[in-house]
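Just so it is clear: chains get the letters A, B, ... in the order the sequence lines come, proteins before strands, and each one is counted from 1. All values reported here derive from a predicted model rather than from experimental measurement.
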Amino acid sequence: MTGPRDLNAQIESLVNRLRRRQVVGSWCVSIETAMLLRQVVSATRWNQVETLIKVVKEDVGRRLVMAQPRELAVGNIVCRVLRLIREKIRTFSFYGGSGTGTNTQSSMINLLGDGSPMGAKRASPLIISELQEMINELENTYVNIIDQAMEHIHSNEIIMTVGKSRTVEMFLKTAAKKRKFSVLVAETFPTYLGHEMALSLSEAGIDTTVISDSAIFAVMSRVNKVIMGTHAVLANGGLISVSGAQMVATAAKHHSKPVVVCTGLYKLSPLYPYDEDSFNDLVAPDPVFSFNEGDLIDKVTLLNPYYDYVSPELVSLFITNTGGHPPSYLYRLINENYDPDDTDI
Amino acid sequence: KKLLNCLVNAGINCTYAFLHAVGFAMRDVSKVFLGAHAFMSNGALYSRVGTAMVAMMAKEKNIPVIICCETYKFTDKVQLDSFVMNEQGNPNDIVNISTTLAPKPGLLSEWLNKPDLKLLNLLYDLTPSKYITTVITEVGMIPCTSVPVILREYK
């Protein structure tokens, strides 16, 4: 059992690494957050469940989310942990584990506060084992997704993708072991992530062609399906994805091609996009128009959004570690994994 | 960028963005003006690659798309998609990842040595007539389906 000072040091370390964006990729962020929260739960002394929830949500969770507000995966994991804790306490008290024996009929509100020290000691290992299961599920995310690769790709297909997504890369490489198909990668200016993706795919022996972003509409008539990854999935089924994804998805809709999004469930956020751009970031416009261009810079406004919002009508299917789901099913997954009380972290 | 220079020198308030920002920028737009390389007899616009993308995104948000085109660019040909006739530019232009005039080769500089990696640099694309609202020519403002009518007038 780690002392409170060690725990604080671990929390500080993760907060700082998140703030400096030293933890790269939603998957790494999710795993680190989950492991830290497991430490927090095992190290905290609690009698009432509200104490534990307050520690996880306000002391630790809020600090992590504030360190990197654009990385929605942090908030997702905190919400999931809180939900797990509440579920465990609910089932635990309901089955009379609290030791007092007479309170099983009391209202649900009372059940949550009904922990005697004995109850807390018994509930704690259950909660920790649930957290461990969640961490195992996170670690096996990629394995579960790529198992579905064969069902969705057949021979001689032309698949389009945009940006660089580890999930899509592994998905396509798995399918390439048994099927022969081609991939068109959009170069995804200005981050040029498409170049890295294309190199990696061609090294795996997949026939890859790099096209410029402007040619996406032109080639869409020849593409069979679009497979892309995403940064986050919002509660309505909309995506926060790399800039340019909205173009690809709209072009695919106009040509009636299916758009498949490969993502782990840890990217599903309970937040709702009341404004399309509430999750967007405008980054330095230097790649768009550099300082070498001279005086024009003072007279023009330059736009360089980092993310794109893709509306749920444009997506045909989500392939997640729990299987394939249409966008209309996501509300169910949110209901199962997150509590409505926690969305305001 | 030349267009940007002209407009700024004329005193117009300008915002410059790359194609990937078109979804983001389109919210504040009320009209779209595009140029043409040629106009097909089926009302389709043959123009610089990327034009079709902008026209499609504008149509998606019900923003009018206006093409400025002289009648000498109208042609008898009909074309349905961007593949049947197009021009390939230098594929090495894709390798260059710098935005200034000095080319800076990126990750793909060895693409010739990799058997499975190809680069495709299309120069033109075709915008279907359903995305075009009106065409401004020296004979007036016409719908894009009237292109063969104007051609016939000239014969």
Exercise. Will you find, in the side chains of B:H20 and A:N304, an N or O donor that is under 3.5 Å from an N or O acceptor?
Worked result: yes
Top contributor to chain B contacts, counting heavy-atom pairs under 4.5 Å, from [options]:
{"options": "A:K299, A:K253, A:H254", "result": "A:H254"}
{"options": "A:G244, A:A218, A:A198", "result": "A:A218"}
{"options": "A:L302, A:V185, A:V310", "result": "A:L302"}
{"options": "A:V219, A:D308, A:N280, A:D213", "result": "A:V219"}
{"options": "A:Q246, A:E187, A:M247", "result": "A:M247"}

[X] atom [atom1], over 12 foreign heavy atoms within 6.0 Å:
{"X": "A:Y306", "atom1": "OH", "answer": "no"}
{"X": "A:M150", "atom1": "CE", "answer": "yes"}
{"X": "A:R70", "atom1": "CZ", "answer": "yes"}
{"X": "B:N13", "atom1": "CG", "answer": "no"}
{"X": "B:R27", "atom1": "CZ", "answer": "yes"}

Do you know the tightest heavy-atom contact between [X] and [Y]?
{"X": "A:V300", "Y": "B:V8", "answer": "CG1-CG2, 3.5 Å"}
{"X": "A:S212", "Y": "B:I94", "answer": "N-CD1, 4.3 Å"}
{"X": "A:S214", "Y": "B:L19", "answer": "CA-CD2, 3.3 Å"}

Exercise. Among all residues two or more places apart in sequence or in another chain, which pass the ring pair (Phe, Tyr, Trp, His ring centres under 6.0 Å) test with B:F74?
Worked result: B:F39
Exercise. Taking only residues two or more places apart in sequence or in another chain, which ones pass side chain to side chain contact (heavy atoms under 4.5 Å, CB included) with A:Y274?
Worked result: A:Y272
Does any heavy atom of chain B fall under 4.5 Å from the side chain of [X], the backbone, both, or neither of them?
{"X": "A:L282", "result": "side chain"}
{"X": "A:E203", "result": "side chain"}
{"X": "A:T250", "result": "both"}

Exercise. Looking only at heavy atoms, which of residues 123-136 of chain B get nearer than 4.5 Å to chain A?
Worked result: B:D125, B:L126, B:P128, B:Y131
Problem set entry | Positions in residues 42-59 of chain B that reach chain A, provided some heavy atom is under 4.5 Å away | B:V49, B:G50, B:A52, B:M53, B:M56, B:M57
Spatial distance of atom [atom1] ([X]) from atom [atom2] ([Y]) [nearest 0.5 Å]:
{"X": "B:D116", "Y": "A:L201", "atom1": "CG", "atom2": "CG", "value": "10.0 Å"}
{"X": "A:I211", "Y": "B:K118", "atom1": "CD1", "atom2": "NZ", "value": "13.5 Å"}
{"X": "B:D81", "Y": "A:M220", "atom1": "CG", "atom2": "CE", "value": "13.5 Å"}
{"X": "B:F24", "Y": "A:S243", "atom1": "CZ", "atom2": "OG", "value": "9.0 Å"}
{"X": "A:T209", "Y": "B:L119", "atom1": "OG1", "atom2": "CG", "value": "8.5 Å"}
{"X": "B:L117", "Y": "A:S202", "atom1": "CG", "atom2": "OG", "value": "4.5 Å"}

Exercise. In terms of heavy-atom pairs under 4.5 Å, which option from B:N121, B:N5, B:V22 contacts chain A the most?
Worked result: B:N5
